[in-house]
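These notes are about the structure you will find just below.
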Protein chains: 2
Amino acid sequence: MLSERKRTILKALISDYIQRAEPVGSRTLARRYNLGISPATIRNEMADLDEMGYLEQPHTSAGRVPSYKGYRYFVDSLMQAEKLTPQEEQRLSKSLQQRLAKIDTVFYRASRALSEVSHYISLIMGPFLGQQIFRQLRLVPLDSQYVMVLLITDTGLVQNRIVEIPAGVSAAELDQIARLFTKLLAGVPLEDLTSSLLQELYTMFSRRNRFLQEFFADLITNLAADEGERVYLGGTTNLLKHPEFNDMEKVRGLLGLLEEREFLCSLLADVTSEDIEITIGEENKYVEMKECSIVTASYEIGGRKVYTIGVLGPTRMDYARVVSAVDFMRKQLSDTLREIIR
Amino acid sequence: MLSERKRTILKALISDYIQRAEPVGSRTLARRYNLGISPATIRNEMADLDEMGYLEQPHTSAGRVPSYKGYRYFVDSLMQAEKLTPQEEQRLSKSLQQRLAKIDTVFYRASRALSEVSHYISLIMGPFLGQQIFRQLRLVPLDSQYVMVLLITDTGLVQNRIVEIPAGVSAAELDQIARLFTKLLAGVPLEDLTSSLLQELYTMFSRRNRFLQEFFADLITNLAADEGERVYLGGTTNLLKHPEFNDMEKVRGLLGLLEEREFLCSLLADVTSEDIEITIGEENKYVEMKECSIVTASYEIGGRKVYTIGVLGPTRMDYARVVSAVDFMRKQLSDTLREIIR
DNA sequence: CATTAGCACTCTCTGGCAGAGAGTGCTAAC
DNA sequence: GTTAGCACTCTCTGCCAGAGAGTGCTAATG
């Protein structure tokens, strides 16, 4: 419902502001972009856009700055994604190329690369331990005294721990115990392994075979703790590059939040769409994020969220580039993880 | 060789500066501490200390500020460690209490707690993968297609990976291969697993049994990468609380460095003493750290460094408290890890 | 002879003020 | 409908004066 001319002006203004971080005036706009109309005309249009809520004035005699509504409109119907350069794409895919055992490492590198390419802060949330599905329990004797307990899930993830073998338990018995657990628990999501369920299981064993109790107790603690331990963060210092964060107070507030893993989780937890979602300024749940935007996408296999990635920056973020980066990374990660997770 | 009075003045001045972060004048010193002498006398003494290099003047008519030499003297022979409160000690030990499977988690929590208690930045470097000693290789078949490769070291650490079983290799054969590897490599530190050594081993196998090649190649890559992946960092935002870091440029420089894992490693790599070491300002290798100090301690078992912990803050750091915190944490961590690592 | 009071001097910091610069809204002309 | 012109507003910068804090030096003191 905006006239074509208003759209052109709005687009030019926002692009300019994203680039230079300074309020844009009518004169500047006329000079820098070949709009074919005079500053005075632009002024009139800008006054309209201001009244409609797309633009704001920091003070009476400054240029205009996009409002939240302005950004929203820009993102939804003005902007077109800006392709990454081949070098940038390479930087992103290269970060995933090393096939490493630890999935942690994959995410860590990915997040680093994403922050470097986007020039903002990157967030990656890996799969939640509790959503993994129990597949096998293995007891691998190390020597006569100790046995290694292995818990293998559908994604190949292993929970391992060395445990003392109770006196008089033979290798055959260990094997039997492992088989029993495997049989009983196969297919159960780890988050369903409550202590009451385990208690039931234990009643099936003779007293001396309860040495796994501690292992499972730990596992449950792990599950509870895990919620906060699977977020990878990269490029925090990128925040400091932008003039809107020249204020120490703001920086401290935001960086402080970013140290809280629970906060990071809650930022990404809601994202479920595989499409790219953009949350701008006021749309955020947190006051401290009022001047930030976040671009996210997530990925699921069989109803279980495998990962969510996001890029966080000031509202004055280069959405066109960031969207491309997130999109590219999303695809790359999916391909990589499809191989690692079976 | 400093007179008792000079020592008293120096101590009072540095303590005051550490607390308030502002140049201390003779009047202030006389007023705040009951030294029993007049400002004029203090002025004379301060002039001496200035000339001797223990104090500095930001400008002609400001109070004095400790120089690097002043801090050094303070730390070595004036300061006495300030006991932590029971609450603080509890906070530290509690962070280690949860016996969790992943050693990662232990370090992560420890570093968080240490930064909270110290109010500065904490660094913890965990054990280096390459120093672990090969103990066993295990091949645990998951189903007819895949086998889980387990590498167990002396500290119980496991490198695991799911690998496809080459067609026609029986379970018995897998077992045989695992035994052979175990026999040949037992006792070898992982860092000695070079590709040439492995090449030699491979020649002993028939062609179809080389499916472990990829696993070891990954392991070697991991080893190389690991150097940088075992540093845990906590409390970065604490940096921003201190007035010496009101300058954005400084903050960006330092936070940028702290994002580089190689940098963090190099900070801690040299520390070998189990005693507490204090590195002050200029003593640091890095220019960016000229205004920072770091308090470190490390811990070894059988000649292998198990961990190094450190607290990093401005030169105007509350050394008395930090030393206590590092000392306490060092002991706690040793106790905890002695249990986990066998 | 060490200590101290007094004093002139130095340097920073703060607030007020003027002028430059950038941008606006309004009006009148095209 | 578009544009040129103009008065007006607001910020930013640099400058200056006065306050405040601290120093070094000198001379008096116990």
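Computed from a prediction, not measured in an experiment: that's the story for all the values here. By convention in this document, chain letters (A, B, ...) are assigned in the order of the sequence lines, proteins followed by strands, and residues within each chain are numbered from 1.
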Item to check | Identity of whatever pairs with C:dG23 - Watson-Crick or G-U, under 3.5 angstrom | outcome: D:dC8
Checklist entry - Which of residues 31-60 of chain B sit near DNA chain C, with a heavy atom under 4.0 Å from it? => result B:Ile37, B:Ser38, B:Ala40, B:Thr41, B:Arg43, B:Asn44, B:His59, B:Thr60
Checklist outcome for this item: Residues of residues 7-26 of chain B with a heavy atom under 4.0 Å from any atom of DNA chain C, listed by number, are none
Pairwise N/O distances under 3.5 Å, protein to nucleotides 14-18 of chain D:
none

In terms of side-chain geometry, is the basic nitrogen of [X] or [Y] positioned less than 4.0 Å from the acidic oxygen of its partner?
{"X": "B:Arg72", "Y": "B:Glu283", "value": "yes"}
{"X": "A:Glu56", "Y": "A:Lys69", "value": "no"}
{"X": "B:Glu89", "Y": "B:Lys83", "value": "yes"}

Checklist entry - With sequence neighbours left out, which residue pairs that include part of residues 273-298 of chain B fulfil the ring-ring contact (aromatic ring centres under 6.0 Å, His included) condition? => result B:Phe263-B:Tyr286
Next on the checklist: Applying ring-ring contact (aromatic ring centres under 6.0 Å, His included) as the test, list every pair that has at least one member in residues 42-61 of chain B; sequence neighbours left out.
Outcome noted: B:Tyr54-B:Tyr73
Item to check | Pairing residues for B:Asp50 by the salt bridge (charged side-chain N to carboxylate O under 4.0 Å, His left out) criterion, not counting sequence neighbours | outcome: B:Arg64
Checklist entry - With B:Asp16, which residues qualify under salt bridge (charged side-chain N to carboxylate O under 4.0 Å, His left out), at least two apart? => result B:Arg20, B:Arg32
Checklist entry - Would one find a side-chain N or O of A:Arg27 under 4.0 angstrom from OP1 or OP2 of D:dA4? => result no
Checklist entry - First and last nucleotide of DNA chain C in contact with chain A, 5' to 3', at under 4.0 Å to a heavy atom: what are they? => result C:dA22 to C:dG25
Item to check | salt bridge (charged side-chain N to carboxylate O under 4.0 Å, His left out) pairs, two or more places apart, involving residues 319-329 of chain A | outcome: A:Glu88-A:Arg321, A:Asp327-A:Arg330, A:Asp327-A:Lys331
Next on the checklist: Please tell me whether B:Thr315 and B:Glu291 have a donor and an acceptor in their side chains that are separated by less than 3.5 angstrom.
Outcome noted: no
Next on the checklist: Under a plain distance cut-off of 3.5 Å, with no hydrogens placed, do A:Glu259 and B:Thr236 share a side-chain donor-acceptor pair?
Outcome noted: yes
Checklist entry - Which residues satisfy the side-chain hydrogen bond (donor to acceptor under 3.5 Å, both in side chains) test with A:Asn238, sequence neighbours excluded? => result A:Lys241
Enumerate donor-acceptor pairs with a distance under 3.5 Å from any side-chain N or O in residues 35-45 of chain A to protein atoms, sequence neighbours excluded.
{"residue": "A:Ser38", "atom": "OG", "partner": "A:Ala40", "partner atom": "N", "Å": "3.3"}
{"residue": "A:Ser38", "atom": "OG", "partner": "A:Thr41", "partner atom": "N", "Å": "3.4"}
{"residue": "A:Ser38", "atom": "OG", "partner": "A:Thr41", "partner atom": "OG1", "Å": "3.2"}
{"residue": "A:Arg43", "atom": "NH1", "partner": "A:Ser26", "partner atom": "OG", "Å": "3.2"}
{"residue": "A:Glu45", "atom": "OE1", "partner": "A:Lys6", "partner atom": "NZ", "Å": "2.8"}
{"residue": "A:Glu45", "atom": "OE2", "partner": "A:Arg5", "partner atom": "NE", "Å": "2.7"}
{"residue": "A:Glu45", "atom": "OE2", "partner": "A:Arg5", "partner atom": "NH2", "Å": "2.9"}

Next on the checklist: According to ring pair (Phe, Tyr, Trp, His ring centres under 6.0 Å), who are the partners of A:Tyr120, at least two apart in sequence or on a separate chain?
Outcome noted: A:His242
